[in-house]
Amino acid sequence: QVQLVEAGGGLVQAGGSLRLSCAASGSIFSINAMGWYRQAPGKQRELVAAIPAGGSTNYADSVKGRFTISRDNAKNTVYLQMNSLKPEDTAVYYCKIRGRYRLASPLSDYWGQGTQVTVSS
């Protein structure tokens, strides 16, 4: 079935940058919205950024002006460019793709397994 492969996490100092990517496996009929979420220990998973079909974008207030989400539909891939990173950005980042496995499949959410982003002071 559909699997999402995340990459790009790591350890950076405050003010640094990271670029996350999330690619869906080849067998998927269509993709609607793509997005990034993050979760820190003891906290709820929160939406960081989303990009639905059509290219519009939504961002959490905490990352506006610093993060940029983009997508490559031909590659079934979503990216998150993170600049001016802060220690508060430290979390496990999860990508999510909303789409259909097959034409007749229900619209479903597919989640990546997460990638750790750690920002040191």
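What's counted below: heavy atoms across the whole structure, side chains too, no hydrogens, waters or symmetry copies. Note that the structure is a prediction, hence the values are computed from the model and not measured.
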Quick check on E88: does its CD atom have over 12 non-hydrogen neighbours (other residues, nucleotides or ligands) under 6.0 Å away? yes
I'd like to know if the side chain of R38 pairs up with that of S62 as donor and acceptor (distance under 3.5 Å, no hydrogens or angles considered). yes
Euclidean distance, F29 CZ relative to S105 OG, rounded to 0.5 Å: 9.5 Å
Linked hydrophobic residues, Y94 as query - side chain contacts closer than 4.5 Å: Y37, L47, V92, W111
Going from CG on N76 to CD1 on I97, what distance comes out if it is rounded to the nearest 0.5 angstrom? 7.0 Å
CZ of R100 to OH of Y110: how many Å apart, nearest 0.5 Å? 9.5 Å
Could you see if I51 belongs to whatever hydrophobic cluster contains Y79? Use Ile, Leu, Val, Met, Phe, Trp, Tyr and a side-chain cutoff under 4.5 Å. no
Among V48, L18, L20, exactly one meets side chain to side chain contact (heavy atoms under 4.5 Å, CB included) together with F67. Which residue is that? V48
Check the surroundings of atom CD in Q39: do more than 12 heavy atoms from other residues, nucleotides or ligands lie under 6.0 Å from it? yes
I'd like to know if the side chain of R98 reaches the main chain of A33, judged simply by a donor and an acceptor atom lying under 3.5 Å from each other, with no hydrogens or angles considered. no
Within this structure, what is the OG-CD distance for the pair S120 and Q13, rounded to the nearest 0.5 Å? 4.5 Å
Taking Q81's backbone N and O only, do any of them form a donor-acceptor pair with R19's side chain (distance below 3.5 Å, no angle check)? no
Do you know the tightest heavy-atom contact between V78 and C95? CG1-CB, 4.4 Å
Considering all heavy atoms, the nearest L4-G112 contact: CD1-N, 3.5 Å
Are the side chains of Q116 and T90 in touch, meaning some heavy atoms are under 4.5 Å apart? yes
Are W36 and C22 close enough that some pair of their side-chain heavy atoms sits under 4.5 Å apart? yes
Using modelled atom types only, decide if a donor and an acceptor are shared between the side chain of R71 and the backbone of P52 within a distance under 3.5 Å. yes
Test item: T118 and V12 side chains (from C-beta on) under 4.5 Å apart, heavy atoms: no
Distance from D72 atom CG to S21 atom OG, nearest 0.5 Å? 11.0 Å
Mind checking whether N32 and L107 have side chains closer than 4.5 Å, heavy atoms only? yes
I'd like to know if D89 pairs up with K86 as an ion pair, taking the criterion as any Lys NZ or Arg NE/NH1/NH2 lying under 4.0 Å from an Asp or Glu carboxylate oxygen. no
Answer yes or no: does atom CD of E46 have more than 12 heavy-atom neighbours from other residues, nucleotides or ligands under 6.0 Å? yes
Closest approach of M82 to L85 (non-hydrogen atoms, all atoms of both residues): CB-CD2, 3.8 Å
Pair N83, S17 - check side chain to side chain donor-acceptor pair (under 3.5 Å), show working. CA-CA 4 Å; N83 298 325; S17 298; 2.9 Å; yes
For the backbone of T115 and the side chain of E6, can you confirm whether one donor and one acceptor N or O come within less than 3.5 Å of each other? yes
